[in-house]
Amino acid sequence: METQNSNVSRAEEIKVLANEAFKAHKYGQAIDLYSQAIELNGDNAVYWANRAFAHSKLEEYGSAIQDASKATEIDPKYSKGYYRRGAAYLAMGKFKDALKDFQQVKKICPNDPDASKKLKECEKAVMKLKFEEAIAVPESQRRSVADSIDFHSIDVEPQYSGARIEGDIVTLDFIKKMMDDFKNQKCLHKRYAFQMVLQTREILQALPSLVDINVPEGKHFTVCGDVHGQFYDLLNIFELNGFPSEENPYLFNGDFVDRGSFSLEVILTLFAFKCMCPSAIYLSRGNHESKSMNKIYGFEGEVRSKLSETFVELFAEVFCCLPLAHVINGKVFVVHGGLFSVDGVKLSDIKAIDRFCEPPEEGLMCELLWSDPQPFPGRGPSKRGVGLSFGKDVTRRFLQDNNLDLVVRSHEVKDEGYEIEHDGKLITVFSAPNYCDQMGNKGAFIRFEAPDLKPNIVTFSAVVSSTCSYCFLLTNPFAISFSFWGKRSGGHGSWVGAEVTGAYCSLAFEFHSSCSDAATLMMLFCAFNMQPHPNVKPMAYANNFLRMFS
């Protein structure tokens with residue numbers, strides 16, 4: 001009895017620490033602490049519901065549903081258990097399941113005005129869903145909205161002072177003007193928006209589901225992860241690494257839109273570069289390039305607000321044209337989500353996927369967009385509730401079967417903007433710093449140089465500052481590091497390299513070093529400035545009901 005009381009007391013102490021970590025937006029740490037409390041006292045519904053909330057903050061909705069269900073099992077009258085599960089179902093777009101939980105919350109707390117409000121909003125969402133299902137046109141009868149648009153017939157008003165495309169050619173001057181307009185929260189005329197989106201659709205339609213990329217010897221190639229509508233951070237990437245061009249090509253690895261409130265500016269900028277020079281920028285589909293996600297997480301509402309309903313339908317069509325994966329020089333496999341529920345999947349199987357549809361809830365396409373790595377071998381259920389989790393043995397076999405060296409994927413926020421897993425054979429890269437204005441994470445991108453294609457990982461912070469810091473991690477046995485402190489001296493996308501083998505070479509920063517060690521460079525880490533941006537909060541255009549929980 002004394003030991004049991006001690007465990008209960010200690011569990012409460014740990015719960016307090018977990019709550020503090022949660023308030024500091026350290027959700028992974030909070031999950032670990034709640035887990036410790038659960039180990040000491042697994043019969044406390046509060047611990048399970050709190051851990052469910054932390055999982056939801058990390059978009060691990062499958063795990064959130066499991067924990068919240070456990071809370072309701074322990075205490076069927078604990079309203080927060082149903083509340084947390086309902087919110088997780090909502091985030092996954094499962095409105096009918098969410099409705100059942102909020103009905104239960106209302107039943108337990110009949111006089112709670114907040115419960116009544118959320119139940120009412122959930123009922124509206126379900127009614128709207130049923131109405132949309134009732135009026136939906138069967139896929140076989142659906143006509144492409146792109147075929148009904150003639151952008152040439154759209155007049156540009158004389159008073160329009162924004163960026164203009166002269167003729168049919170998208171130029172760098174046009175893109176620069178457009179980005180400057182976007183920075184000042186000016187809209188692009190719908191004629192030019194239609195023109196770029198339609199042209200991008202035509203380019204993407206001609207590509208296979210798996211695109212092979214060739215990087216010539218001595219040239220480099222940059223891979224970026226999720227941007228999620230953070231336009232000013234996209235500008236920052238270009239400021240530091242240069243604009244996309246044939247000499248400076250990029251791959252943006254999905255999830256361009258949603259959550260961030262400048263998703264339209266992001267996608268139009270990426271599409272503009274694709275129109276300017278298709279080999280300068282490659283675009284891969286993420287799980288958020290889909291109708292179901294766009295309806296919940298803001299892109300649909302943003303496009304409807306800034307442009308029109310026609311554009312909502314058009315973007316949905318174009319997203320179905322995005323390739324699902326890329327292979328760089330036959331050695332680096334790049335995909336938004338991850339690997340598969342079965343062994344033996346070959347690159348030819350991926351190339352054969354008919355991708356011109358909304359993502360299914362299972363199968364190879366679903367897993368490419370949704371799956372996540374796990375730290376232990378084998379396969380397990382997805383913490384998101386879609387796709388699966390896969391271990392290092394799964395990664396190793398996939399690489400061996402396809403004569404590949406490395407998997408690069410995105411899809412998950414990481415504190416440092418990246419994470420190297422599976423014995424160095426898998427890298428997650430995430431390019432949205434301070435995700436949703438609350439996570440406090442860095443962003444990152446990876447720069448590969450041919451022919452060896454060793455990943456140079458560049459991380460950046462969402463911190464407004466006038467100085468930049470660099471740390472070069474060396475490959476000696478003690479992982480010695482040293483720093484450079486630099487002052488910005490101008491130039492687009494320019495880099496200073498130390499006199500260190502394998503470091504970046506070039507242009508735009510002055511610095512002095514207190515260390516002249518010339519050991520071989522393994523990774524490059526850089527902290528740099530975020531572009532100042534208007535005070536428009538993330539999720540500003542998201543589903544009204546979802547915003548109540550964000």
Side-chain angles (χ1 to χ4, degrees), residues 21 26-36 38-39 48 51-70 88 91-92 225-226 253-255 286-288 324-325 332-345 350 359 361-402 404-430 435 439 441 444 446 455 457:
K26 297 178 180 178
Y27 303 117
Q29 182 182 342
I31 289 170
D32 291 340
L33 289 167
Y34 288 130
S35 298
Q36 293 176 35
I38 287 169
E39 287 179 14
W48 292 94
R51 194 171 73 172
F53 196 15
H55 277 303
S56 289
K57 287 293 186 179
L58 293 179
E59 301 177 16
E60 298 169 355
Y61 300 117
S63 296
I65 289 167
Q66 289 180 347
D67 280 357
S69 296
K70 183 65 176 179
M92 295 176 66
D226 303 37
N253 197 27
D255 281 13
N287 61 301
H288 276 267
L324 302 178
V332 180
F333 179 72
V334 188
V335 65
H336 178 73
L339 301 182
F340 311 102
S341 55
V342 295
D343 288 334
V345 176
I350 300 170
E361 294 190 4
E362 59 183 9
L364 297 186
M365 182 173 172
C366 170
E367 291 162 0
L368 285 164
L369 300 181
W370 279 97
S371 293
D372 296 291
Q374 64 184 20
F376 38 86
R379 295 178 172 91
S382 170
K383 58 193 175 185
R384 300 175 187 269
V386 188
L388 72 146
S389 297
F390 59 95
K392 65 180 181 181
D393 54 329
V394 176
T395 298
R396 184 184 67 250
R397 289 193 296 269
F398 175 77
L399 293 174
Q400 289 173 347
D401 288 347
N402 291 284
L404 297 163
D405 293 338
L406 180 68
V407 173
V408 174
R409 44 90 63 179
S410 302
H411 195 40
E412 285 185 280
V413 61
K414 297 294 181 181
D415 287 345
E416 294 301 315
Y418 76 98
E419 186 170 355
I420 303 171
E421 302 173 80
H422 294 183
D423 296 330
K425 294 298 184 180
L426 183 145
I427 302 176
T428 297
V429 60
F430 191 85
Y435 181 46
M439 297 301 290
N441 61 290
I446 307 175
I457 301 178

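If you read the sequence from its start, that first residue is 1, and numbering goes on from there. Only heavy atoms go into these numbers, but all of them, side chains included; no hydrogens, no water, no symmetry mates. Note that the coordinates shown come from a computational prediction; the quantities given were computed from them, not determined experimentally.
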More than 12 heavy atoms from other groups under 6.0 Å of NZ on Lys392: no

Heavy atoms from other residues, nucleotides or ligands near CG of Asp415 exceed 12 (cutoff 6.0 Å): no

Any donor-acceptor N/O pair, Glu416 side chain to Tyr418 backbone, under 3.5 Å: no

Donor-acceptor contact below 3.5 Å, side chain Asp226 vs main chain His411: yes

Distance in Å, [X] [atom1] paired with [Y] [atom2], rounded so as to fall on 0.5 Å steps:
X: His336; Y: Asn287; atom1: NE2; atom2: CG; value: 4.0 Å
X: Ser56; Y: Arg51; atom1: OG; atom2: CZ; value: 12.0 Å
X: Lys414; Y: Asn441; atom1: NZ; atom2: CG; value: 11.0 Å
X: Leu399; Y: Leu426; atom1: CG; atom2: CG; value: 8.5 Å
X: Tyr61; Y: Met92; atom1: OH; atom2: CE; value: 9.5 Å

Please give me the minimum heavy-atom distance between [X] and [Y], naming the atom from each residue.
X: Ala88; Y: Ile65; value: CB-CG1, 3.7 Å
X: Ser410; Y: Thr428; value: O-CG2, 3.5 Å
X: Gly378; Y: Val394; value: O-CG2, 3.7 Å
X: Val429; Y: Ala444; value: CG2-O, 3.4 Å
X: Gly387; Y: Cys366; value: N-SG, 4.2 Å
X: Ser382; Y: Ser389; value: CA-OG, 3.9 Å

Heavy atoms, side chains only, cut-off 4.5 Å: are [X] and [Y] in contact?
X: Tyr27; Y: Met439; answer: yes
X: Thr395; Y: Pro373; answer: no
X: Ile31; Y: Leu58; answer: yes
X: Val386; Y: Glu361; answer: no
X: Arg396; Y: Asp423; answer: no
X: Pro375; Y: Glu421; answer: no
X: Val332; Y: Asp405; answer: no
X: Ile350; Y: Leu364; answer: no

Single hit among Leu406, Val334, Asn253, Ile427 for side chain to side chain contact (heavy atoms under 4.5 Å, CB included) with Ile446: Ile427

ring-ring contact (aromatic ring centres under 6.0 Å, His included) partners of residues 380-400, not counting sequence neighbours, each pair once: Phe333-Phe398, Phe340-Phe398, Phe390-His422

Contact list for residues 372-385, test salt bridge (charged side-chain N to carboxylate O under 4.0 Å, His left out), sequence neighbours left out: Glu60-Lys383, Asp343-Arg379, Asp372-Arg384, Asp372-Arg409, Lys383-Glu412

